[in-house]
Amino acid sequence: MTFTFEVLVTLKAGLADPAGKAVEAALPTMGWTNVSAVHVGKHIKLTVEAGDEPAARAQVEEIAQRLLSNPVIEDYRILDLQEG
Amino acid sequence: MTFTFEVLVTLKAGLADPAGKAVEAALPTMGWTNVSAVHVGKHIKLTVEAGDEPAARAQVEEIAQRLLSNPVIEDYRILDLQEG
Amino acid sequence: MAVAGARVGVVTFPGSLDDRDALDAVTFMGGIGVPLWHASHDLQGVDAVVLPGGFSYGDYLRCGAIAGKAALMQEIRAFAERGGPVLGICNGFQILCESGMLPGALIRNRSLRFICKDVWLRVESSQTAVTAGMEPGEIIEVPIKHGEGRFVATAEQLVQIEGEGRVVFRYATADGLVDEDANPNGSVGNIAGVRNDRGNVVGLMPHPEHAVDPDVGPTGGQGMFASLLAAALEGAAR
Amino acid sequence: MTEAPVPLHRQLGLKDDEHERIVATLGREPMPAELAMYGAMWSEHCSYKSSKIHLKTLPTDGPAVLVGPGQDAGAVDVGDGVAVVFKMESHSHPSAVEPYQGAATGVGGIVRDIISMGARPVALLDPLMFGPLDDPRNRWLFGGVVAGIGGYGNCIGVPTVGGEIHFADVHSANPTVDVMCVGIARADKLATSTSLVAQAGSFMVLYGASTGRDGIGGVSVLASATLDDSSEESRPAVQIGDPFAGKLLIEASLELIERGLLEGLQDLGGAGITCAVSESAARAGMGAKLDLDAVPLRQAGMEPFEILTSESQERMLAIVNPAQLTAVQEVCAKWGLDAVVIAELVTGGALTVTHGGRVVAEVPARSLTDEAPEYDRPREAPAVHPSAVGDDPTFTAFSGDLADAFWSVLCSPNIASKRWVHQQYDSVVQGQTVAGAGSDAAVVRVPGTMKGLALSTDGKGRYGSLDPYLGAAHAVAEAARNVAVTGATPLAITNCLNFGNPERPAVMWQFAEAIRGMGDACLALGTPVTGGNVSFYNEAAGSAIWPTPVIGMLGLLADYRLRVPTGFPRAGLAVYQLGETFAELGGGEFAEVVLGVVAGKPPALILERESALIALLVAAAAEDVLASAHDCSDGGIAIALAEAAIEGGHGFAVTLAGADLPVHVAMFSESASRAVVSVNPEQEARLLELAGAHGVPLTRLGETGGQRAVIEEMLDATVGQLRESYEGALPALLGEPA
Ligand SMILES: Nc1ncnc2c1ncn2[C@@H]1O[C@H](COP(=O)(O)OP(=O)(O)O)[C@@H](O)[C@H]1O
Ligand SMILES: [Mg+2]
């Protein structure tokens, strides 16, 4: 069975986020003055072949931890699951 | 009232996704041979000040369309809502 | 400093760009450059290793993340644990951080743009294989060229890095002043390079290999290569 | 009433008479896949059908030319067994839609042209044109294009060492994005698309990225029509560049060639597999059997016409003797690239394409490549020559403040420092860059020799708008001069011709005039045309960009250590103007920025004078007479002096030549064939001798020194002020700190 997950990788709170700041700075020039706290991170989608959902999820956890994110600067979150 | 949204920006289906391809190719060397369809996109979190949720969401739609994504190559999706 | 005969390996990963340039710099400084291949487990008996600049694996995902898992990296880790000198330049620095051989991480420049220019560095420590021949406080000119060179670290790491004198280079003005104006990318504490606890592993964002030949740039990298070659010879003699 | 459906051939960009021509060639109605192949190959972009008869008139021969137009890129012999391969190409239309990816894939495309000649890419230059930066959309395009060029070039380890940027309203709808790539090969190892050893039974091996639906119809729709003709939906998918794969392609290709494993090599660009397979077969005088089922696809369910015309990036086609196949695949595997046999050369000239076991196309290979229609499109000169419309600014009285005018011109985005741009480019990788941006021409060493390549790109759109003949000739002259001020001898050019819709007679007149101007200048300066690229249909709502041929000049320094710098290197030097200043403000920077007009006659160009100046500069550099040399062009002598001071960090005090001219004319005239040089006092006599021998008039203007830049009665500023204004102008327009 295949299971599809989405992983969100975000910069740790407190770290400077110039990409977020740049978006935030661009918004008022386009007329949106009521937006704040903009943060830019990564979205990774991947499909895993596994016996069951818990096994698949455990593997995705490991991939997210070991490859998709760098614990010094980033947090990750597994989004949801589409069973295929 | 403030409303927080998350926007996912992904490459349109069918377009080359070099980052996704590179991650996919790296996985087997780390021992994961059962992963496929890896795609890398962007995740943007932002907070909007608005009278109600529909107004906030409509504005985020517009921001996603006009600033956060280039419709020529990217799709976007508004994730969910955290009311603040 | 007699350095003739020092054998310095330069690793080529897919997407390495300054690998040839690093080999040329080793040759220019009187050493013997040995090309090494990422997928092999063979260090070919070199006396020092350089992880060169470039965009290994396109820098997709995160700079250095994928290259850190290469086969040869296992050997380089063991080599470093034996005290062998390892120098990571730019992408090589990112790889060393990603694989945990050096503390901290490198994220996008404050300006969000790639920056290529000559900068001044202040040498902070001569307790390393790469700066043994240099004086703390020495000011050298070396180019940078990176999009993701902003050094950051966790609070605990920073305390350790600063407390244990593990900063090797800081961005400075030509007069040696370490201030915001001299900080090209927003690195914490103007940190341009760090070392491991033993000082045999050093990583920095600037490119010393592009600062040895006066016909094509500044010469602030000569001291680093001279020190590295000397450390390599010492290791070879041991 | 329902509208009649648009016939397939027209949807593919083919005209009715072209359809008839295909029917005549095949003796039957073409099948859909065949029509798609002709649609792509006979597109303006691939076939040069509107430009060919004009391009044929260009001078292409020279003693040093190894490969002229007709191959992926031209090649020039620079001695020591080294061939220099160079070419320029545009990616303007894709960049207007997605600036980052459009520009990035533009770099990838031209780099593959260079590697397909067996050369290692060693330098990139990027001539760019945009609309004014006060418009946010233009800022988005500008920022995106620059980031895209850097994004690709930096990631493949090829230094970007030069280029140019101009701004004009006409580029708001149509930015111009040209990229030049220069490569080095051993002259005896130059590869071409099919060397003579290819024979029936040789394999065609596709290696690199897989094939997806990107850029289907890119050449016929995107590059061969105006942007408003192609609606949002009809636009092909924009290609996404993969510079990492591009870098692997470079290394794999060079290793294949170095090891002698190939019979031929061809890049995949416009018209994808169709172009690469048909050109390789036709050039070998053969046909081919192409099996589309062998092509690795990124998406399931692709139609034959999609596979045939996909413009997926980062792919190459190698001609391989079957005995070498395993070795070729091993090299590709080492670099992580797929390599599969997709076709086989056959005798007889037919290109047969199968898909799912069915023949989907069977056409003469040559009919795609060499038998495309050629048009002598109608040309019509405007009733009044554009240089005679409106008042010539040369004769406009000027009563404004000279100092204000100077600062306005210095800070004009056309003149001001482009550091914001070139600092985003890796200019030092490969370790051979002797001079990068900031020098009139970049200078790159040839490894293993003392030689230096001098490289410059120049376009003169504003002059071209007033006189397309002169605009083109000036572009060649300025490019040659830029190379010569470094001490290098101009050798040969490549070009990219950026024009509007060739189906409009007014545009075709501009094109023919520009070709004439370029040809005359190349002939007179001894710099043959080794190749180039034509970019038509750069217009929107009937308003075209200015006719803008961009010239890419290659020059050679025998010893790179004798390179002459642009800036004043020290105090106490004598400053000379080489050449003469005439009253020529037409089409100039002063006229546009200060008077607000683009009008008048562009400066005259006397090609003998230009040749003499170039010969003098080269001779003086070879004797090490010059301490600095800077070409005098946009903004005139005042700007040239200021730039030499900023670049070198030393001030000057001078009195301008041309005492008989109104002061503002003396300062800002853009008379051709001039340079500002500085020399050690003990070398002045020798400079005078050499100038006399070459018949170049010269004027001693003053000396270098101090921290002030003083032009008598016109300007008194510090070098610091000059630098601050010059460096700060572009960031200020972008709303950023310098
Ligand atoms: N403006 C020009 N002047 C001279 N030769 C040109 C010009 N434009 C194109 N050519 C030549 O026509 C040939 C085909 O060009 P092009 O289609 O751009 O090459 P490719 O197929 O490699 O992309 C090349 O040899 C090129 O040098
Ligand atoms: Mg080509």
Heavy-atom closest pair (C/Leu17 atom, D/Val429 atom, distance to 0.1 Å) is O-CG2, 3.9 Å

dist D/Asn154:CG -> C/Asp59:CG (nearest 0.5 Å) comes out at 10.5 Å

**Report entry** Sidechain N-carboxylate O distance under 4.0 Å for D/Glu736, C/Arg110
**Finding:** no

task: May I have the step-by-step check of side-chain contact (heavy atoms from CB on, under 4.5 Å) for C/Lys145 and D/Val428, ending in yes or no?
output: CA-CA 9 Å; C/Lys145 50 188 191 83; D/Val428 304; 3.4 Å; yes

From the list D/Lys334, D/Gln423, D/Lys247, D/Gln432, the residue making the most non-hydrogen contacts under 4.5 Å with chain C is D/Gln423

Under 4.5 Å to a heavy atom of chain D? For C/Ser111 that would be neither

NE2 (D/His422) and NZ (C/Lys117) are apart, to the nearest 0.5 Å, by 12.0 Å

Rounded to the nearest 0.5 angstrom, the CD-CD1 distance for D/Gln424 and C/Ile115 is 9.0 Å

Applying a strict 4.5 Å limit to non-hydrogen atoms, the region of D/Ile250 in contact with chain C is neither

ask   = Hey, are the side chains of C/Tyr57 and D/Phe244 touching, using non-hydrogen atoms and a 4.5 Å cut-off?
value = yes

When the 4.5 angstrom heavy-atom criterion is applied to C/Tyr60 and chain D, the contacting part is side chain

Heavy atoms of D/Tyr560 and C/Asp215 approach each other most closely as OH-OD2, 2.7 Å

Under 4.5 Å to a heavy atom of chain C? For D/Ser427 that would be both

Inset, instruction - Indicate the ring-plane relationship of C/Trp37 and D/Trp335, choosing parallel, tilted or perpendicular according to the 30° and 60° boundaries. - result: perpendicular

Cut-off 4.5 Å, heavy atoms of chain D, and the answer for C/Asp213 is side chain

Between D/Asp426 and C/Cys116 the two heavy atoms that sit nearest each other are CA-SG, 4.0 Å

Whatever's closer than 4.5 Å to a heavy atom in chain C on D/Arg445 counts as side chain

